[in-house]
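Residue numbers start from 1 in every chain, and the chains themselves are labelled A, B, ... in the order their sequence lines are given, proteins ahead of strands.
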2 protein chains.
Amino acid sequence: MTTETTPSRGDATREALIRAAVEIFGRDGFNATGTRALAEAAGVNQALIAYHFGSKAGLYLAAIDYIVERVRERIDPLLAAINAELGDDGSSIPRERCLALMLQLLDGFVVLLTSDESVTWARLILKEQQDPSEGFERLYDGVMSRVIGIATHLIGRIRDLDPESEATNLLAITLFGQVLILRTARATIERRTGWQQFTQHEIAAVQSQIHRNVTAILMQENTE
Amino acid sequence: MTTETTPSRGDATREALIRAAVEIFGRDGFNATGTRALAEAAGVNQALIAYHFGSKAGLYLAAIDYIVERVRERIDPLLAAINAELGDDGSSIPRERCLALMLQLLDGFVVLLTSDESVTWARLILKEQQDPSEGFERLYDGVMSRVIGIATHLIGRIRDLDPESEATNLLAITLFGQVLILRTARATIERRTGWQQFTQHEIAAVQSQIHRNVTAILMQENTE
DNA sequence: GTCTATAAAGTGATAGAC
DNA sequence: GTCTATCACTTTATAGAC
């Protein structure tokens with residue numbers, strides 16, 4: 001009657017395949033991943049991939065959409081809170097408060113990037129950054145543009161810059177670079193710090209370092 | 001007579017295969033890359049991969065070694081110059097000079113990471129960071145450990161920290177994160193800045209931003 | 001919606017001629 | 001050192017039974 005139906009057997013199959021796809025596509029890449037490996041990991045028959053998603057490529061895009069949804073579940077509340085405080089044109093907010101919001105945003109990203117699930121997501125997203133496919137559009141529109149958009153907005157207020165300018169975007173990018181390195185240089189960080197996984201201690205250490213760096217960068221006197 | 005011989009036909013085949021391997025393994029990953037694609041890109045016969053390198057895996061490791069050599073050609077002079085100035089225990093060097101050396105090191109990395117060749121290298125290295133194979137050992141020992149080793153040494157002098165400590169390594173990692181994001185978030189940066197490639201203007205913009213950030217981070221008053 | 005079976009094309013490695 | 005031809009598998013997608 002409506003689009004809201006009770007979960008059917010097919011829905012369970014779709015879900016199992018998508019979870020397996022995020023894991024296996026992320027690890028091996030699209031071309032190196034076989035439909036048999038996907039089906040086996042999901043515990044379903046190989047022919048069901050074509051039935052439910054049309055093709056291996058269809059399953060891949062479903063996996064990308066799944067990642068976007070999971071990431072947005074985590075960051076949308078944070079982004080909404082910042083947006084609400086910034087308001088339509090609440091340029092009366094002091095820069096110290098904007099810095100605090102920026103640090104909150106980065107803290108959220110540290111937590112996200114140190115979560116176990118993010119290992120798999122990061123692998124897939126990194127592949128799309130190096131060789132964008134149709135999936136990158138969905139990642140960019142769903143996650144990246146929203147996050148950097150807020151960050152440039154905050155930075156614009158803090159340092160009295162045009163949020164759309166090349167310089168502001170570049171500054172935002174270098175700030176996030178400090179956090180994203182947690183996943184991009186994964187193996188090297190394990191070697192240098194001995195960290196095998198991120199517990200409360202490691203997360204706090206990273207957040208504290210990021211706080212010091214970002215405060216120093218954004219609160220320094222104007223130069224040049 | 002000696003190991004120094006004139007280049008033979010086989011040497012040209014080896015070189016062509018390695019160049020093709022860096023390109024194609026980097027783009028598609030090890031498992032998704034076919035020996036026929038490698039041979040065709042190199043303009044040689046498919047059977048010559050097994051003849052010269054034993055297997056597809058042998059060619060892959062030769063490609064990793066090739067990248068390590070090319071990167072070291074570029075960074076070893078810089079590292080040697082810094083090491084020479086630091087000396088055996090020249091703790092008399094002022095921290096301002098150490099900051100200048102740190103900025104030189106990061107400038108060199110900006111130039112390296114904005115070069116056309118580095119697009120391909122970065123793809124392969126990123127894959128090894130996410131899923132380390134035997135190749136990662138060679139990358140880490142040949143490049144990463146040397147670079148971060150120097151950086152933690154410099155940071156130790158500038159901020160009076162133990163170069164081996166977790167905190168110093170974490171600080172060094174966040175500094176390099178600002179630069180490495182140039183390649184890791186490749187597609188997003190193109191979207192936000194409109195930069196299609198890195199010319200003199202883009203390189204200067206990045207270096208200038210990194211200078212401001214790193215100076216602010218390393219020269220701030222001690223906190224906490 | 002799920003299964004088995006299979007068609008058509010692709011895989012890495014190798015044998016053997018030159 | 002390079003070639004062709006081929007072996008033994010694996011691949012995606014689909015046809016058709018249930």
Round to a whole Å and report the spacing from OH of Tyr51(B) to C1' of dC3(D). 13 Å

Using whole Å, report how far CG of Leu38(B) lies from P of dT11(C). 10 Å

Quick one: are Arg192(A) and Thr152(B) in side-chain contact, heavy atoms under 4.5 Å? yes

Does any donor-acceptor pair link the side chain of Arg36(B) with the base of dG12(C) at a separation under 3.5 Å? yes

Closest nucleotide among dT4(C), dA13(C), dG1(C) to the Gln46(B) side chain: dA13(C)

Look at the side-chain N and O atoms of Thr13(A) and state whether any lies under 4.0 Å from the OP1 or OP2 oxygen of dT2(C). yes

Which nucleotide wins on minimum distance to the side chain of Ala47(B), given the candidates dT14(C), dT2(C), dT14(D)? dT14(C)

Can a side chain N or O of Asn45(A) be found less than 4.0 Å away from OP1 or OP2 on dG1(C)? no

When the distance from CZ of Phe53(A) to P of dA13(D) is rounded to whole Å, what number comes out? 13 Å

The side chain of Leu48(B) is closest to which nucleotide in this list: dC3(D), dA13(D), dT4(C)? dC3(D)

Whole-Å distance between dC3(D) P and Leu17(B) CG? 11 Å

Distance under 6.0 Å and angle within 45° of ring axis: Arg19(A) vs Tyr66(A): no

Geometric cation-pi criterion Lys127(A) and Phe30(A), 6.0 Å radius, 45° cone: no

Separation of Asn31(B) atom CG from dT10(D) atom P, in whole Å? 14 Å

Any side-chain donor near an acceptor of the partner, Asp107(B) and His211(B), under 3.5 Å: yes

Distance in angstrom units between His52(A) NE2 and dA13(D) P, rounded: 15 Å

Taken to the nearest whole Å, CG/Asp11(A) to P/dT2(C) is 9 Å

Regarding Arg138(B) and the six-membered ring of Phe136(B), is the cationic atom NZ or CZ under 6.0 Å from the ring centre and inside 45° of its axis? no

Counting heavy atoms from C-beta on, name the nucleotide in dA15(C), dA13(C), dG1(D) closest to the side chain of Thr35(B). dA13(C)

Give the rounded distance in Å between these two atoms: NZ of Lys56(B) and P of dA13(C). 7 Å

